Amino acid sequence: MEMGTGQSLLRFLTCGSVDDGKSTLIGRLLHDAGLVPDDQMEQVRRDSRGRTDQEGEIDFSLLVDGLEAEREQGITIDVAHRYFATARRSFIVADAPGHEQYTRNMATAASGASLAVLLVDARKGLLTQTRRHAIVASLMGIRHVVLAVNKMDLVDGAETVFTAIREKFTTFAGPLKFLSMTAVPLSARRGDNVVHRSAAMPWYQGPALLEHLETVAVEDGSAEGGTENAPLRFQVEWINRPEPDFRGLSGTVLSGRLETGGAVTVWPSGRSARIARIVTFDGDVERARAGDAVTVTLEEAVDAGRGDLLSGPDGGPEVADQFAAHLLWMTEEPLIPGRSYLLRAGARWVPATVTTLRHTMNVETLEHGAATVLEMNAVGLCNLSTAAPIAFDAYEANRHTGSFILVDRFSNRTVGAGMILHPLRRAANLHRQELAVSTKERAAVKQQRPAVLWFTGLSGAGKSTIANRVERRLHTLGHHTMMLDGDNVRLGLNRDLGFTDADRVENIRRVGEVAKLMTEAGLIVLCAFIAPFRAEREAVRALLPDGAFLEIFVDTPLEECMRRDPKGLYAKARDGALRNFTGVDSPYEEPDAPELRLKTAEADVDALAERVVEALQLRGIAGT
Amino acid sequence: MANLPDNLKRLEAESIAILRETAASFGKPVLLYSIGKDSGVLLHLARKAFHPSPVPFPLLHVDTGWKFRDMIAFRDETVRRLELELLVHTNQDGVDRGIDPIRSGSAVHTRVMKTEALRQALDRYGFDAAIGGARRDEEKSRAKERVFSIRNAAHAWDPRDQRPELWRLWNTRIQPGESVRAFPLSNWTELDVWRYVAAESIPVVPLYFAAERPVVRRSGTLIMVDDGRLPMNPGEVPEMRRVRFRTLGCYPLSGAIESDATTVEDIIAEMRASRTSERQGRLIDGDEPASMERKKREGYF
Ligand SMILES: Nc1nc2c(ncn2[C@@H]2O[C@H](COP(=O)(O)OP(=O)(O)O)[C@@H](O)[C@H]2O)c(=O)[nH]1
C-alpha cells in the first residue's frame, strides 16, 4: 500500500494499559499502511536486534516514540499525535500515556476524537482499566468504539476467547450510550487483522482494523462540535473591521448551516438580526456549513463581540449564570468549592466558582461518592456559577458549545475540564435589584471614593493594630469607614467555618462580598485578615472596580511574629494544640506586588498608618 | 474553498481559528516567516483568516546570513506583492564574532544565529506571541507539542509544566513577561502542505523544484554551492546535477535530493513513492540524539 491522499478525516484515540501492545499496534498500522520511510525503517530494523524472539523480526513499537522516557524525566505529556493517510481517509491518532495521570491524559486525547480504539490483551481479558477507558470515552462524548483484542497469537487464535471478551464488553458497555461498537481479534506483532485480514483466524468474518477505521461512519465533524443537521451555532472569534463601514464577525460554524438572508439571534444578548453577507477570502458565498471558518456581516447594527454565539430559527442555546456539569480535575492542588477560577467556554472568559460539589463519580464503576474537595484525576458532578450569564448547550448535544475549562487565576494553569449537563436557573428570570441611589452618589455625599484596604500578613504581624490606627486617622479627617477583622466576622457571619483550606477560602469569599456591599454604600472598608492564599485575595480584587482594592502587606518576619505572639497562638501551634496554623503547619503566600508593603521592623505604628493615609490621598480615595 | 477536499478544509478551518485566537488574545503577535513551504502556507492562511482586513501582525524573518539567495529574493518579492510588513533580524553579535555554519559547526551556528537571534528579536520588539509553522509530524519528539506553548520571560520552555489542551479551548493566559509560541499547522503533515500548496496555487521558492544546480557531495549529502563562501576541500569540484530540496534553511546545512520533480504535482507523486523522511535533509538534527528536545528548551522552534 502506498501513502494515500484520503478525502475525509477521522480523529481517533487509542487506549490501553501498559504492555497491551498499543505502541506495537500503532507502529504496525503506520508500517503496513506504507507510511514509514526507508531511512526510519532501517533504524528500527537495527534497533530491533536483540529485542525480539526471532532473528530478523521487527519491533514495531520502536516506530512510535515511547512516551516512557519523557515521563521518567518528569516532562508533562498528555497526548502524542500521529498522522497517516490511506486512499480513503486521513487519520489523526491521539495517544495518551498511561499511569497515574491516565484519566486526565485520556480525557485530553478524547476531547478531540470521534472514535476510541480500546486495546485489551486476549490473555487478560477485560480489566478494570478497560472499564475506565470505556467510561471516560463515554463521558467525553465518544460515540464509536472499537474493541481491539490483541495478542490473539498467544491464545492460538481461539474464537471462544475472543467471543467471551466481546460479550462481556457488550454487556458492560450497554449503559454507555455508544452508537457503534466493533470488536476485532488481532495480533499487532504479526500483523493479523490490522491492515490485512488474516488467514490465522478464518472464523473471523469482520473487517480488519484499518478497513473498519476507513469506512466507519461517524457523525460529520463530531470531534469538532456538532453535525451539519444540528441547530446553527456560529462562534464569533474575532471582530473584523478593515474600515468604518465594514463590521464583520469572523468565526467558525460549529454546527448547522448559515445562509445569507437567514435570521439569526446573537447570544447571550438575545438580539435578532439577519445575515447580510458571508465573506471569505475566495469571495462571498451563499451558505456555510459546520466546520467552515468564515466572516459574516449583519443587516442590522447589532452589537456582537468575541465569544458571542449566533443561532438560527431552529433553536437557540441556553443562557444562564448557573449550571450543572461533570468536572474532571487536572491538577495536584484540589478543587475547592467557593474559590474563584477563570472559566473559558467557547471564545469567552468569565470568572466562575464551583458552588456545590454534589458528588464524585468513580470512573471504574460509575458509583457515586461524597467529597468536599475534588482531587486530581477525579470526576465530580458540580454546580457552577459564573460572574455573567453565558450561552451554552448540553455537552451531549454539542461538544463544542457544551465544554469549558477552568484556569487558576494566579498560576494560569488549566486545572479542570467540564462537560455541561443543564442550566440551573435561567438568567432571564434574574433581575438584579436596580439601585435607586447609585454607589457614586453615596460616595459623593461623603466626599470620598469607596475602597477596600486589605491588610494581609501573618498572625501577630500587626494588621489590626495598624488598620485601627488608619481608621482612627480617617475618622478624624471626616471619612466614613468600617473595619472588618477576623474576630468580629468569625464570631457571627462566619461562625460555621473552621480552618481547613476549604473553610479559609469560604471565609475570605464572604468577607469579600460583605466588603463589596459596604463599598457600594460608599464606605472605605478596612479588612484585617491573614488571607493566606493569593488566589482569594485576587478574587476579592476582581469583585471590585479597578483601583478600589488596595492590598497592604504587613510584612513582619515569622520569627518576629513568633517572638511577639500576643495571643499565645504560636506556642499552642508548636505544641500541636492548634492545627492548620498559618506559618506553622499551613502555608502563607506572600503578595507579589502589593499596593503597599509595610515593614514593621523599620517604622512605628503611627508612621506606617500615616503612609497608608497618604497613599489614599494620593489615589483620591480620601480627601486632604 | 469549494474545491478543497474535506480533510484539507478541516485543517484549514482549524488553523484559521488558531490564528484568530492569537490575534484576539495577545497584545503583540508576530508571524515567524522562514520563507519555506510551511511559512508560505501559514502566510496564506493568515491572509484568509483576517480577510478583508490585512494580516494584523508583521512578519519576522530571522536571517542567519546563510540562506539561499533564491530564498531572500522570494521573500522580498512576496512581501512586495502582498504589501506586508516584514522585519528582518540578524544577530549582529554573532556576525561580529565570526559565527558561521561551516567553521563554527551547525550546532553553534544554529544556537547563536537562530535561537539567540530569535530571542533578541522578540525582546527587541516586545512580541508576546510568535506564530510558527512547525508541524507535529516533522519529527517523533514534536508529536507531543502543544498548539499554544508557553515560554517564560527568558524564553525558556518548561517541559515539566505544560498545559493540557482540550477541545478548542486554548488556554492563552500568560503573566507579564511570558510569551507563547503558537503553531497553527500542528495537525498538518508534509503531504497535506503540498496538497494545499497545489490546491490553492501558493507560490513557493523555486529551490523546491528540480533544476541543474552546482553541488558537492559531502558525507553522503549533496550540498549546493550557492555562492563563493563555501570553501572547497582539496580536489573538490562542484558538479551540475538535477536536484531539489525538501526543506530549506542555511544552504551549507541543507541537503539536496536528486529529482526530476518540476511541479507541485510531481513533488506529491515523488513523495508518495518516496521512502525517506523529510528531516533527512536537515543536517542540524544529526548533531546529537535528542537535540531537538534541547533546542526547544532553549527557545528554538
Ligand atoms: N505475542 C504478541 N505480543 C505482542 C503483540 N502486540 C504487542 N506485543 C508485545 O507486548 C509487549 C508490549 O507492547 P507495547 O506495544 O510496547 O505495549 P504498550 O505499552 O501498550 O505500548 C511487547 O513485548 C510487544 O512485542 C501481539 O499481538 N502478540
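On a predicted model such as this, the values are computed, not experimentally measured, just so you know. Chain identifiers are assigned alphabetically (A, B, ...) following the order of the sequence lines, protein sequences preceding nucleic acid strands; residue numbering begins at 1 within each chain.
Remark: the backbone N or O of A/N412 is paired with a side-chain donor or acceptor of B/N171 at under 3.5 angstrom. No donor-acceptor distance shorter than 3.5 angstrom exists from the side chain of B/N7 to the backbone of A/R89, with no hydrogens or angles considered. Under the 3.5 Å distance criterion, the side-chain polar atoms of A/S111 are left unmatched by any main-chain donor or acceptor of B/L166.
B/W167 approaches A/F404 most closely through the heavy-atom pair CZ3-O, 3.7 Å. Residues B/Q175 and A/F410 come closest through the heavy atom pair NE2-O, 2.7 Å. Between B/A24 and A/E237, the closest heavy-atom pair is CB-O, 3.8 Å. Of all heavy-atom pairs spanning A/T252 and B/A17, the tightest one is OG1-CB, 4.2 Å. Between B/R163 and A/S411, the shortest heavy-atom contact is NH2-O, 4.3 Å.
Within the 4.5 Å cutoff, side-chain heavy atoms of A/V279 are placed close to those of B/H51. When side chains are defined from C-beta on, B/K48 counts as touching A/D282, because their heavy atoms get closer than 4.5 Å. Side-chain contact check for A/R306 versus B/E21: some heavy-atom pair is nearer than 4.5 Å. Residues B/S53 and A/R241 have side chains not in contact (no heavy-atom distance under 4.5 Å, counting atoms from C-beta outward). Residues A/Y83 and B/R135 have side chains not in contact (no heavy-atom distance under 4.5 Å, counting atoms from C-beta outward). The shortest side-chain heavy-atom distance between B/R20 and A/T295 falls under the 4.5 Å cut-off. Looking at heavy atoms from C-beta onward, A/W349 lies in side-chain contact with B/R173 at the 4.5 angstrom threshold.
The greatest number of non-hydrogen atom pairs below 4.5 Å with chain B, out of A/I239, A/V415, A/V407, is found for A/V407.
We find that A/R289 and B/D6 are joined by a salt bridge, their nearest charged nitrogen and carboxylate oxygen being less than 4.0 Å apart.
Taken from OG in A/S250 to CD1 in B/I16, the straight-line distance is 9.5 Å, to the nearest 0.5 Å. Atom OG1 of B/T189 and atom CZ of A/R82 lie 15.0 Å apart (nearest 0.5 Å). Note that CG of A/L254 and CZ of B/R168 are 7.5 Å apart. Values are rounded to the nearest 0.5 Å. Summarising the geometry, atom CZ belonging to B/F50 is positioned 13.0 Å from atom CZ belonging to A/F281; distances are rounded to the nearest 0.5 Å.
Of the atoms belonging to B/E165, it is backbone heavy atoms, and not side-chain ones, that fall under 4.5 Å from chain A. With a threshold of 4.5 angstrom between heavy atoms, A/R344 approaches chain B through its backbone and through its side chain. For a residue to count as touching a neighbouring chain, one of its non-hydrogen atoms must lie under 4.5 Å from one of that chain's; by this rule A/A345 touches chain B with the backbone only. No part of A/T331 comes within reach of chain B, as not one of its non-hydrogen atoms sits under 4.5 angstrom from that chain. The parts of B/L169 that come within reach of chain A are both its backbone and its side chain, each placing non-hydrogen atoms under 4.5 angstrom from that chain. Interface residue A/M140: only side-chain heavy atoms are found under 4.5 Å from chain B. The contact between A/I92 and chain B is made entirely by side chain atoms (from C-beta outward), counting heavy-atom distances below 4.5 Å. When heavy atoms are compared at a cutoff of 4.5 Å, A/F246 approaches chain B solely by way of its side chain, counted from C-beta outward. The part of B/S186 that comes within reach of chain A is its backbone (N, CA, C, O), which places non-hydrogen atoms under 4.5 angstrom from that chain. Residue contact with chain A, scored on non-hydrogen atoms closer than 4.5 Å, involves the backbone of B/I174 exclusively. Contacts of A/L10 with chain B are absent, with no heavy-atom separation under 4.5 Å from either backbone or side chain.
Heavy atoms from other residues, nucleotides or ligands lying under 6.0 Å from CD of A/E333 number 12 at most. Within a 6.0 Å sphere centred on CD of A/E243, heavy atoms belonging to other residues, nucleotides or ligands number more than 12.
Screening A/T414, A/N105, A/V79 for a side chain to side chain contact (heavy atoms under 4.5 Å, CB included) with B/P164, the sole residue that qualifies is A/T414. Evaluated for a side chain to side chain contact (heavy atoms under 4.5 Å, CB included) with A/D292, the options B/K9, B/E12, B/R10 yield exactly one hit, B/K9.
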